[in-house]
K.L.:
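Please read through the structure below; I'll follow up with questions.
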Amino acid sequence: TENIFTRFTVINANADDYTWNWNANYGAYYLYAEEDGDDYLISPAVNFEAGKNYKVVVNASCASSNYPEKFRVLVGKAASVEGLTQEVLATTVVDVKDSTDFEAEFAVAESGQYYVAVQALSDADMYRLNIHKISIEKGAEPTAPAAVTDFSVIPGLKGANWALVKFNAPAVAVNGSALTENMNINVLRNGEVIKTFEDVAPSVMTSFKDETAAAGFNTYQIVASNTSGAGLKSEKITVYVGFDVPTPVDEVKTTDLGNKIELSWEPVGSKGLNGGYVDPNQVDYLVYEVEYQEFMGMLFPVIDELRDSVRN
């Protein structure tokens with residue numbers, strides 16, 4: 001709310017005409033500028049205890065995916081540029097219009113009052129970075145499992161609607177001590193638990209074939225838990241499952257044959273626009289004739305007529 005926003009400290013570190021503001025539709029927002037962003041949105045003081053883990057979650061979005069924004073999160077003992085000495089979330093790109101959670105876990109060396117800051121770092125001439133919510137939660141206990149290792153997700157071959165998830169169970173706890181008890185491990189897809197492995201020994205290599213993955217983008221994450229509670233979450237891995245759309249045709253050439261024009265181009269490959277699979281033998285190439293009209297010194301397409309359809 002605007003009332004909460006007024007309790008935050010705003011620092012325009014690059015001293016330009018653009019910095020953090022509030023809008024009822026966007027929340028806290030940083031608008032485009034002629035210089036790279038260097039603007040801080042700093043929380044009121046928060047008490048942190050040494051030896052405990054905390055999680056900061058920043059819910060953010062950008063105004064247009066064509067204009068990606070950037071930010072990072074810092075913690076420090078003073079609400080000033082110099083006082084924000086600990087980076088807890090490295091520079092992060094926001095290229096989605098939907099509000100998305102960006103999170104990181106951290107600990108402090110000394111107990112006391114701290115300030116949490118979002119630093120806008122967007123390149124010059126972007127659009128708008130929106131911060132809808134900032135929350136700070138209790139993190140994993142020191143003796144809970146650390147994150148899994150060697151985590152990978154392989155989409156189904158040749159457009160098949162499945163994904164193979166592989167990882168090694170954690171060998172150590174959050175505090176670095178060796179794990180000796182078995183644990184449960186949850187596999188999450190798009191934020192929902194889809195598989196639970198029970199009574200898994202430390203360091204064991206584990207895999208799971210997700211045969212209910214939806215066609216399109218799927219995001220996976222893994223978290224292990226023991227008697228101390230849930231541990232650290234893994235990184236998120238997003239893969240494209242199923243058949244993808246082809247990439248744009250490249251290197252189109254024209255040859256004047258007198259009474260007709262011959263077009264030739266390089267056929268598309270098996271990697272689609274989103275990184276998924278495309279069967280090159282099933283791709284149709286649609287050839288259009290386009291007419292342009294000049295308006296105020298610029299050319300605009302006004303007629304496009306399908307002339308031919310070609311398949312490899």
Side-chain angles (χ1 to χ4, degrees), residues 60-70 90-103 122-123 126-127 147-168 187-192 194-195 205-222 233-255 261-290 301 304-312:
S61 66
C62 66
S64 170
S65 57
N66 294 323
Y67 297 92
E69 309 288 347
K70 293 190 293 187
T91 300
T92 298
V93 175
V94 183
D95 56 5
V96 290
K97 294 177 63 176
D98 295 331
S99 59
T100 304
D101 284 341
F102 300 88
E103 61 185 58
S122 298
D123 295 336
M126 290 295 105
Y127 193 173
V148 300
T149 59
D150 296 328
F151 175 33
S152 66
V153 183
I154 303 172
L157 301 177
K158 294 188 175 182
N161 273 29
W162 54 262
L164 180 63
V165 181
K166 300 173 65 177
F167 58 90
N168 289 339
V187 179
L188 294 85
R189 183 185 67 220
N190 301 329
E192 301 291 333
I194 59 169
K195 174 71 174 178
M205 185 176 69
T206 308
S207 63
F208 162 61
K209 187 176 182 180
D210 178 14
E211 298 187 282
T212 60
F217 287 110
N218 291 269
T219 299
Y220 294 85
Q221 193 171 34
I222 299 175
K233 291 182 178 179
S234 71
E235 63 177 321
K236 293 181 179 179
I237 296 181
T238 299
V239 296
Y240 194 92
V241 173
F243 285 98
D244 202 352
V245 295
T247 55
V249 172
D250 197 11
E251 298 184 20
V252 178
K253 298 178 181 178
T254 60
T255 303
I261 299 294
E262 181 183 75
L263 300 178
S264 61
W265 57 84
E266 289 295 319
V268 299
S270 59
K271 187 175 182 179
L273 190 63
N274 300 296
Y277 176 73
V278 169
D279 184 350
N281 295 319
Q282 298 297 316
V283 174
D284 292 323
Y285 298 88
L286 305 181
V287 180
Y288 286 86
E289 180 180 349
V290 180
D304 56 348
E305 180 180 352
L306 179 63
R307 285 296 189 181
D308 203 354
S309 176
V310 181
R311 178 172 292 190
N312 281 354

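Quick caveat: nothing in here was measured; it's all calculated off a predicted structure.
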K.L.:
Evaluate whether atom CZ of F102 has more than 12 neighbouring non-hydrogen atoms of other residues, nucleotides or ligands under 6.0 angstrom away.
P.N.:
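Yes, the 6.0 Å shell around CZ holds more than 12 heavy atoms from other groups.
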
K.L.:
Under a 3.5 Å distance rule, please check whether N190 uses its side chain to pair with a backbone N or O of T219 as donor and acceptor.
P.N.:
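It does hold such a pair.
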
K.L.:
Are any side-chain N or O atoms of S122 and backbone N or O atoms of K70, one a donor and one an acceptor, separated by less than 3.5 Å?
P.N.:
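Judged by distance alone, yes, a pair lies under 3.5 Å.
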
K.L.:
Measuring from atom CD1 of I237 to atom CG of N218, what distance do you get when rounded to the nearest 0.5 angstrom?
P.N.:
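The CD1 atom of I237 sits 12.5 Å away from the CG atom of N218.
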
K.L.:
Testing I154, I222, I194, T206 for side-chain contact (heavy atoms from CB on, under 4.5 Å) with V165, which one passes?
P.N.:
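So the option named by the test is I222.
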
K.L.:
Donor-acceptor pair, T92 side chain versus A90 backbone, under 3.5 Å?
P.N.:
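Yes: the side chain of T92 pairs with the backbone of A90.
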
K.L.:
Let me see the working for Q221 and S234 under side chain to side chain contact (heavy atoms under 4.5 Å, CB included), right down to the final yes or no.
P.N.:
CA-CA 6 Å; Q221 193 171 34; S234 71; 3.6 Å; yes

K.L.:
Are any side-chain N or O atoms of E211 and backbone N or O atoms of W162, one a donor and one an acceptor, separated by less than 3.5 Å?
P.N.:
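It does not hold such a pair.
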
K.L.:
Between T254 and V252 (side chain of the first, backbone of the second, donor and acceptor by atom type, cut-off under 3.5 Å), is there such a pair?
P.N.:
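Not confirmed, T254 side chain does not pair with V252 backbone.
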
K.L.:
Which distance, rounded to the nearest 0.5 Å, do you find between the CE of M205 and the CG of N168?
P.N.:
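Reported value, rounded in 0.5 Å steps: 7.0 Å.
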
K.L.:
Donor-acceptor pairs under 3.5 angstrom involving side-chain atoms of residues 266-279: please list them, not counting sequence neighbours.
P.N.:
{"from": "N274", "atom 1": "ND2", "to": "D244", "atom 2": "OD1", "distance (Å)": "2.9"}
{"from": "D279", "atom 1": "OD1", "to": "N281", "atom 2": "N", "distance (Å)": "3.0"}

K.L.:
Can you name the residues that form a ring-ring contact (aromatic ring centres under 6.0 Å, His included) with Y67, not counting sequence neighbours?
P.N.:
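ring-ring contact (aromatic ring centres under 6.0 Å, His included) check on Y67 returns nothing, list empty.
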
